[in-house]
Amino acid sequence: MGPHPAVAAIRLAVRRVLHDVLTLAPPPDPSGGPRSPLVLAACSGGADSMALASALAFEAPRLGVRAGGVTVDHGLQEGSDLRAAEVAGRLRALGLDPVEALPVTVGRDGGPEAAARDARYGALDEAAERYGAAAVLLGHTRDDQAETVLLGLARGSGTRSLSGMATASGVGGRYRRPFLGLDRQTARKACMVQSLPVWDDPHNVDPAYTRSRVRHEALPVLEKALGKGVVEALARTAQLSRDDADALDSWAVAVEPSVRDDSGALEVAKLYALPAAVRRRVLRRAAIEAGSPAGSLFARHIEEVDRLITGWRGQRAINLPGRVAVHRHGGRLVLRQG
């Protein structure tokens, strides 16, 4: 008799990602070079990430992959260090090695959720580099994807924001999300039938956090009004938006050299002739290249710069994050960090 359908689903999802990692990883050197690739599971102790860790522990040895786990202690709750140590113990009990609890200091930039996310990914990046991990698996589900799309809609941030989370992201596609095609209930069921202990983070139900309100208030209202297919439809929207955004990004990359003059300035007439979606991507790329931090550069900033092209009335220079100034002079846009 085979495993429970929920367990089979999470294992299949992880197996597919591991096959992909093996395809991209350099082959072991028979003369004593690199060992088989190491894949880490990032685990908070919640149902999604515990299901992920259990599937990785099961599948990795069968494919000749080394499997480890890391948990991040954000230090935001009393006893968080003890909780992180407990999660690390559960990961070791699954047979993962190496396992480490990573303490971080959460700043304040961008609000509590963004600051915690930045600290978490910084710690995961550092651990991946230190261990030489080929990939870090994250337990985001289809429900998380739906929430991300709703948040993007609320911000009015455009197609890229609506595309949600990618199946692979980070340096060299380091971060992998095997569960984006699975719902949260499947992961929880997989934990239950395997008798895996699960910790429910109180922040996930705290209405002070935007994502918590989307999860427990906004999505249930939408499902009540529109039916149970809302999560699947939002996740499908994410994939379609990602395909469109990828195509437009590629177009912008290809056309950018043709709209620059010999000095590197952007030629207004050539920019004006581009479709707005492509032109704004060229402007965003140029701003980042000039020194504006990508994480602080929002749609409203690019719209202001775009008006130097489409609504020119002799405006002053536009100031962007990172002390980058954009001004129009003699039919050209010049971006310069002050």
So, taking the atom named [atom1] in [X] and the one named [atom2] in [Y], what distance separates them when rounded to the nearest 0.5 Å?
X	Y	atom1	atom2	result
D306	R280	CG	CZ	4.5 Å
M192	H4	CE	NE2	6.5 Å
S250	L248	OG	CG	9.0 Å
R176	L40	CZ	CG	13.0 Å
C191	D48	SG	CG	8.0 Å
L240	L162	CG	CG	11.0 Å

Would you say [X]'s side chain and [Y]'s backbone share a donor-acceptor pair under 3.5 angstrom?
X	Y	result
S163	A238	no
S292	I288	no
Q337	G322	yes
Y175	D125	yes
T71	A101	no
S169	A166	no
H216	R213	no
R328	L308	yes
Q194	A190	yes

Determine whether [X] and [Y] fall in the same hydrophobic cluster, where Ile, Leu, Val, Met, Phe, Trp and Tyr are linked whenever their side-chain heavy atoms lie under 4.5 Å apart.
X	Y	value
V193	V198	no
L297	L151	no
L320	V334	no
L91	V7	no
L274	V253	no

Side-chain H-bond candidate by donor/acceptor type, [X] with [Y], under 3.5 Å:
X	Y	result
T186	D183	yes
R120	H74	yes
S80	D73	yes
S44	S49	yes

- [ ] For E86 and R83, run salt bridge (charged side-chain N to carboxylate O under 4.0 Å, His left out): C-alpha distance rounded to whole Å, both residues' side-chain angles, the deciding distance at 0.1 Å, then the answer.
- [x] CA-CA 5 Å; E86 185 179 344; R83 173 63 60 187; 3.5 Å; yes

Is there side-chain contact between [X] and [Y], with heavy atoms separated by less than 4.5 Å?
X	Y	answer
L137	V17	yes
R313	R307	no
R281	T159	yes
M50	W199	no
L196	L94	yes
L18	L56	yes
P275	W251	yes
L222	L150	yes

Task: Exercise: identify the closest heavy-atom pair between I10 and S54 - done: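 Of all heavy-atom pairs spanning I10 and S54, the closest is CD1-OG, 3.9 Å.
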
Task: G181 versus R142, closest heavy-atom pair with distance - done: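 Shortest heavy-atom contact: O-NH1, 3.5 Å.
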
Task: salt bridge (charged side-chain N to carboxylate O under 4.0 Å, His left out): pairs with one or both residues in residues 51-70, sequence neighbours excluded - done: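 Residue pairs with at least one partner in residues 51-70: R15-E59.
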
- [ ] Can you run down the salt bridge (charged side-chain N to carboxylate O under 4.0 Å, His left out) pairs that involve residues 284-295, sequence neighbours left out, and say none if there aren't any?
- [x] E256-R285, R260-E289

- [ ] Answer yes or no: is there an ion pair linking R130 with E126, defined by an N-O contact shorter than 4.0 Å?
- [x] yes

Task: Sidechain N-carboxylate O distance under 4.0 Å for R160, D249 - done: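 Looking at D249 together with R160, the answer is yes, because their closest N to O distance falls below 4.0 Å.
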
TODO: Can you spot which of Q145, E147, R177 makes a side chain to side chain donor-acceptor pair (under 3.5 Å) with H140?
DONE: R177

Open item on the list: Evaluate R215 against D144 for salt bridge (charged side-chain N to carboxylate O under 4.0 Å, His left out), listing each step before the verdict.
Closed with: CA-CA 9 Å; R215 179 174 302 178; D144 296 305; 3.3 Å; yes

Open item on the list: Counting only heavy atoms not in R90 (residues, nucleotides, ligands), do more than 12 fall under 6.0 Å from its CZ?
Closed with: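 Enclosed: over 12 neighbouring heavy atoms sit under 6.0 Å from CZ of R90.
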
TODO: Applying side chain to side chain contact (heavy atoms under 4.5 Å, CB included) between R16 and each of L12, D20, V14, report the one that passes.
DONE: L12

Task: Hydrophobic cluster partners of L180 (side-chain heavy atoms under 4.5 Å) - done: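 Taking Ile, Leu, Val, Met, Phe, Trp and Tyr as members, L180 shares its hydrophobic cluster with M165.
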
Task: CA sep, side-chain torsions, deciding dist, call: D97, R92, salt bridge (charged side-chain N to carboxylate O under 4.0 Å, His left out) - done: CA-CA 7 Å; D97 181 37; R92 293 188 185 97; over 6 Å; no

